[in-house]
Amino acid sequence: QVHLVESGGGLVQAGGSLRLSCVASGRTFGYYAMAWFRQAPGKGREFVARIGGGPTSYGDAVKGRFTISRDNAKNAVYLQMNSLQPGDRAVYYCAVGSLVQSPSTYKYDYWGQGAHVTVSS
């Protein structure tokens, strides 16, 4: 079975940084898009970043602060989060998918369990 295991979440003060990791097993995803989403308390799922399947993309709320990267040899994707603010508090999910319709429609078939990020003001 495919498993995506996330790590690196935690509690930081506003202005601080965290680095999330997501390591996949059960299948090699070097040719797939890998992405991060988040869900804040009481809100819906929000797109954060994607790498692969096209140009690297970021949600407007995190542009300039977050950086997505991947290591295909490790079957992993990372999210470096800088200048964290209370509004970034959420459960962060990594996902693996593919482009199903150009230019920007993706289908994510595999998801991580979620990493909690809390930012204190």
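Note that these values count all heavy atoms, side chains included, but never hydrogens, waters or copies made by symmetry.
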Next on the checklist: Tell me every residue that passes side-chain contact (heavy atoms from CB on, under 4.5 Å) with Ser104, counting only those two or more places apart in sequence or in another chain.
Outcome noted: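 Result, side-chain contact (heavy atoms from CB on, under 4.5 Å) vs Ser104: none returned.
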Next on the checklist: So which atom in Val119 and which in Leu11 form the shortest heavy-atom distance, rounded to 0.1 Å?
Outcome noted: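 Looking at all heavy atoms of both residues, the closest pair is N-CD1, 4.5 Å.
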Next on the checklist: Within the 4.5 Å heavy-atom criterion, are Trp111 and Glu6 side-chain neighbours or not?
Outcome noted: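 Contact flag for Trp111/Glu6 side chains = no.
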Extract all donor-acceptor atom pairs below 3.5 Å that involve side chains of residues 12-29 and protein atoms in other chains or at least two apart in sequence.
unit_1 : atom_1 : unit_2 : atom_2 : d
Ser17  : OG     : Asn82  : OD1    : 2.9
Arg27  : NH1    : Tyr110 : OH     : 2.6
Arg27  : NH2    : Tyr110 : OH     : 3.4

Acceptor/donor pairs from residues 57-64 side chains to any protein atom, 3.5 angstrom cut, sequence neighbours excluded:
unit_1 : atom_1 : unit_2 : atom_2 : d
Tyr58  : OH     : Ile68  : N      : 2.9
Asp60  : OD1    : Lys63  : NZ     : 3.1

Checklist outcome for this item: So the salt bridge (charged side-chain N to carboxylate O under 4.0 Å, His left out) pairs with at least one residue in residues 94-121 (sequence neighbours excluded) are Lys107-Asp109
Checklist entry - Can you list every salt bridge (charged side-chain N to carboxylate O under 4.0 Å, His left out) pair that touches residues 110-121, not counting sequence neighbours? => result none
Checklist entry - Mind checking whether Val117 and Val77 sit in one hydrophobic cluster, side chains of I, L, V, M, F, W, Y counted as touching below 4.5 Å? => result yes
Checklist entry - Any chain of hydrophobic side-chain contacts (each under 4.5 Å) joining Tyr93 to Leu84? => result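 Cluster IDs for Tyr93 and Leu84 differ.
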Next on the checklist: Is it true that, when you exclude Arg89 itself, more than 12 heavy atoms of the residues, nucleotides or ligands shown sit nearer than 6.0 Å to its CZ?
Outcome noted: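 Count not over threshold, so no.
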Residues 30-49, side-chain donor-acceptor partners within the protein, below 3.5 Å, at least two apart:
unit_1 : atom_1 : unit_2 : atom_2 : d
Trp36  : NE1    : Tyr78  : O      : 3.4
Arg38  : NE     : Glu46  : OE1    : 2.9
Arg38  : NH1    : Asp88  : OD1    : 2.9
Arg38  : NH1    : Tyr92  : OH     : 2.9
Arg38  : NH2    : Glu46  : OE1    : 3.3
Gln39  : NE2    : Lys43  : O      : 3.0

Next on the checklist: Can you tell me how far apart CD (Gln113) and SG (Cys94) are? Round to the nearest 0.5 Å.
Outcome noted: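 The CD atom of Gln113 sits 7.0 Å away from the SG atom of Cys94.
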Item to check | Derivation of the side chain to side chain contact (heavy atoms under 4.5 Å, CB included) call for Phe66 and Leu79 | outcome: CA-CA 7 Å; Phe66 291 9; Leu79 185 69; 4.1 Å; yes
